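Scope of the values below: all heavy atoms of this structure, side chains included, with no hydrogens, waters or symmetry mates. Residue numbers run from 1 in the order of the sequence given. Whatever order the structure lists them in is the order used to number ligands and atoms, beginning at 1. On a predicted model such as this, the values are computed, not experimentally measured, just so you know.
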Amino acid sequence: MDNPDVIVVGAGNAALCAALAAADAGAKVLVLERAPETESGGNSRFTAGAFRCVYDGEDDLRALMPDLTDAEIAGADFGTYTEGQFFDDMGRITEYRTDPELCELLVTCSRATMRWLQAQGVRFMPIWGRQAYRVGGRFKFWGGLTVEAWGGGPGLMDTLCRLARAKGVAIEFGAAARELIADDAGVQGVRFRQGGLTRDVRAKAVVLACGGFESNAEWRTRYLGPGWDLAKVRGTRFNTGEGLRMALAIGAQPFGNWSGCHAVGWDRNAPDFGDLAVGDGFQKHSYPLGVMLNARGERFVDEGADFRNYTYAKYGRAILAQPGQFAWQVFDAKVAPLLRDEYRIKRATRVRADTLEGLCAKLEDVDSAQALATLAAFNAAVRADVPFDPNVKDGRSAVGLAVPKSNWANPLDTPPFEAYAVTCGVTFTFGGLRIDRQARVVDVDGAAIPGLYAAGELVGGLFYNNYPGGSGLMAGAVFGRIAGESAGAFAAA
Ligand SMILES: Cc1cc2nc3c(=O)[nH]c(=O)nc-3n(C[C@H](O)[C@H](O)[C@H](O)COP(=O)(O)OP(=O)(O)OC[C@H]3O[C@@H](n4cnc5c(N)ncnc54)[C@H](O)[C@@H]3O)c2cc1C
């Protein structure tokens, strides 16, 4: 495209939301995406498409998902996820470090942004399988995460690409942004490399939405710390911090939790980067229903501290800190029907046995005698007087242990027993650029850099230490939309 008004760097969820909003503001939009088309869509394509958004009850959900039938509504207890609940979760989960302005925008714009996405043409549905257990014939939703895009991440990205193209947005694949063209008046364009050639493209505004630095082993070690070079990457191999480097080079202000990231339990034998054929299937998120053992045969976290949405993003770091950087998740047959789909994929590192002794002997690289002793002590510590209920924090704990289990504790007593080997899978990094309420990138002195906007993973300040599941896509959509609107208005001025 010649003479675009707005260049968007990246073609993930945040970028395409920005492209749609800028196009709606009347701008000619060019998207530069580093990946070839077959690998495009960034981390967003790897997701399940879950969005954390505010809803005050069934009416909001009906408006967002008009396909919902009366029978489906009657068969479900969706509860609510109010602004207050979302604020509370963001505060609690980030240990009250989340930036108040960014957090306020995320929370208060989430419902309107979902409606905007729906009006653009994105379809949503309830997360029946993963966020609700069927109890007494009704699905009860928990953890504040209720809505996902049709077709998950791949469906979301296909739809966003189609919608952007229908608005005249041009998408160049295999086009890696290298530098921002900038002078004292602000950002004037982007230098990029495509097909072995370096070219300049000029525009009135640039939106950076090209991800964090999770796929850059050297930066992971530099910022997250020793050992992080060895973590596996759950998603795209293309998010190597290029957008951050380009912006910092012209004086953008770094912001947020640069030593923090989202990291989960991920199959120990998964490839180094995500595999689109498997998507998020290498994750192993049902640990609240079992126990985790390290190489010494010891437990090391409270697996039932909270719903998995509120612990999974920090337990990858806990696994990385174990000897050999791995753990085994152990379950018995009682909870097997409740395990998430990802436990049934072919490429799972799984062992099975009819006795705990037999299982412990099969746990590769683990002190099996200590593992057996740990499981016996755990079994003896379970509060059998408290009923088990996976839909609520049931308080069925294992007490008197060096590492407690606060909820969903069940003795491992029903064969066959199963164990799954996990290591640390890094999802995305928390540190990024500082933006203001219009998603303008702010410089080291606190002034907005004219013509430069940012959205998505490379924005810092929202997440610290931990993360409430489903907030990444929501933040990308909220700030992508704001960045696109602002860039479009700036270009038109
Ligand atoms: C397996 C997995 C499951 C997840 N599940 C969920 C979920 O269900 N819900 C949720 O909210 N979040 C989920 N997340 C997190 C979520 O993926 C991210 O928060 C979100 O997708 C980030 O969107 P983004 O647009 O900022 O980045 P991305 O979607 O990663 O897009 C960045 C794009 O920029 C491109 N790029 C990089 N460098 C350059 C360059 N120099 N020039 C041009 N282009 C460049 C990349 O190729 C990529 O396409 C999951 C992540 C993973 C990995």
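Side-chain contact check for E457 versus T429: every heavy-atom pair is 4.5 Å or farther apart.
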Practice item. Tell me, with the steps shown, if L473 and S44 meet side-chain contact (heavy atoms from CB on, under 4.5 Å). Key: CA-CA 7 Å; L473 289 174; S44 305; 4.2 Å; yes

Practice item. Applying side chain to side chain donor-acceptor pair (under 3.5 Å), run through K167 and Q120 and close with a yes or a no. Key: CA-CA 10 Å; K167 285 186 197 281; Q120 294 284 338; 3.3 Å; yes

Practice item. Report the C-alpha separation of W408 and F307 in whole Å, then their side-chain angles, then the decisive distance to 0.1 Å, and conclude whether the ring pair (Phe, Tyr, Trp, His ring centres under 6.0 Å) test is met. Key: CA-CA 10 Å; W408 313 297; F307 288 118; 5.5 Å; yes

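Aromatic ring centres of Y315 and Y287: separated by under 6.0 Å. Note: F213 and W258 meet the aromatic proximity criterion, with ring centroids under 6.0 Å apart. Taking the six-membered ring wherever Trp is involved, the centroid distance between the rings of F141 and W128 falls below 6.0 Å.
Side chain to side chain, T80 and Q85 meet the donor-acceptor criterion of an N or O pair below 3.5 Å. Side chain to side chain, T236 and N43 fail the donor-acceptor criterion of an N or O pair below 3.5 Å.
The contact set between ligand 1 and T427, taken as ligand atoms under 4.0 Å from a residue heavy atom, comprises 50 (C), 51 (C), 52 (C), 53 (C). Interface atoms of ligand 1 facing S471, defined by a heavy-atom separation under 4.0 Å, are 11 (O).
Between Q283 and ligand 1, a contact under 3.5 Å exists for no N or O pair. Between A14 and ligand 1, at least one N/O pair is under 3.5 Å apart. Every N/O-N/O distance between S40 and ligand 1 stays at or above 3.5 Å. For the pair E242 and ligand 1, the shortest N or O to N or O distance does not fall below 3.5 Å. Of the polar atoms of F428, none of the N or O atoms is found under 3.5 Å from an N or O of ligand 1, judged by distance alone. Not one N or O of D280 is nearer than 3.5 Å to an N or O of ligand 1, by distance alone. Looking at A455 next to ligand 1, no N or O pair under 3.5 Å apart turns up. In terms of N/O distances under 3.5 Å, ligand 1 is not approached by F46. In terms of polar-atom proximity, defined here as any N/O pair under 3.5 Å, G279 makes no such contact with ligand 1.
A177 N, 2.9 Å is the protein heavy atom nearest to atom 42 (N) of ligand 1. Closest protein heavy atom to atom 2 (C) of ligand 1: R234 NH2, 3.6 Å. Here the protein heavy atom with the shortest distance to atom 26 (O) of ligand 1 is E457 N, 2.8 Å. Protein heavy atom closest to atom 31 (O) of ligand 1, with residue, atom name and distance, is G12 CA, 3.5 Å. Closest protein heavy atom to atom 38 (N) of ligand 1: F238 O, 3.5 Å.
Contact analysis puts G49 in contact with ligand 1, with a non-hydrogen atom separation below 4.0 angstrom. Using a 4.0 Å cutoff on heavy atoms, G212 does not count as a contact of ligand 1. In this structure, A176 counts as a contact residue of ligand 1, since one of its heavy atoms falls inside 4.0 Å of the ligand.
Ring geometry for F463 versus F430: interplanar angle of 30 to 60°, hence tilted. Taking the six-membered ring where the residue is Trp, F124 and F51 present perpendicular rings, their angle passing 60° and hence far from 30°.
A cation-pi arrangement, defined by a distance under 6.0 Å to the six-membered ring centre and an angle within 45 degrees of its axis, is present between K284 and Y343. The cationic group of R92 lies under 6.0 Å from the six-membered ring centre of Y310 and within 45° of the ring axis, placing it in a cation-pi geometry.
The residue A475 has no part lying near ligand 1, judged by heavy-atom distances below 4.0 Å. When non-hydrogen atoms are compared, ligand 1 lies under 4.0 Å from the side chain of Y467 (C-beta onward) but not from its backbone. Heavy atoms of L473 found under 4.0 angstrom from ligand 1 belong to the backbone as well as the side chain.
Evaluated by nearest non-hydrogen atom to atom 23 (O) of ligand 1, the leading choice among S44, G456, A209, G476 is S44. Within the set T47, V278, T236, the minimum heavy-atom distance to atom 13 (C) of ligand 1 is found for T47. The residue from E33, E148, M157 that puts a heavy atom closest to atom 47 (O) of ligand 1 is E33.
Salt-bridge annotation for R437 and E101: present, with a side-chain N of the basic residue lying under 4.0 Å from a carboxylate O of the acidic one.
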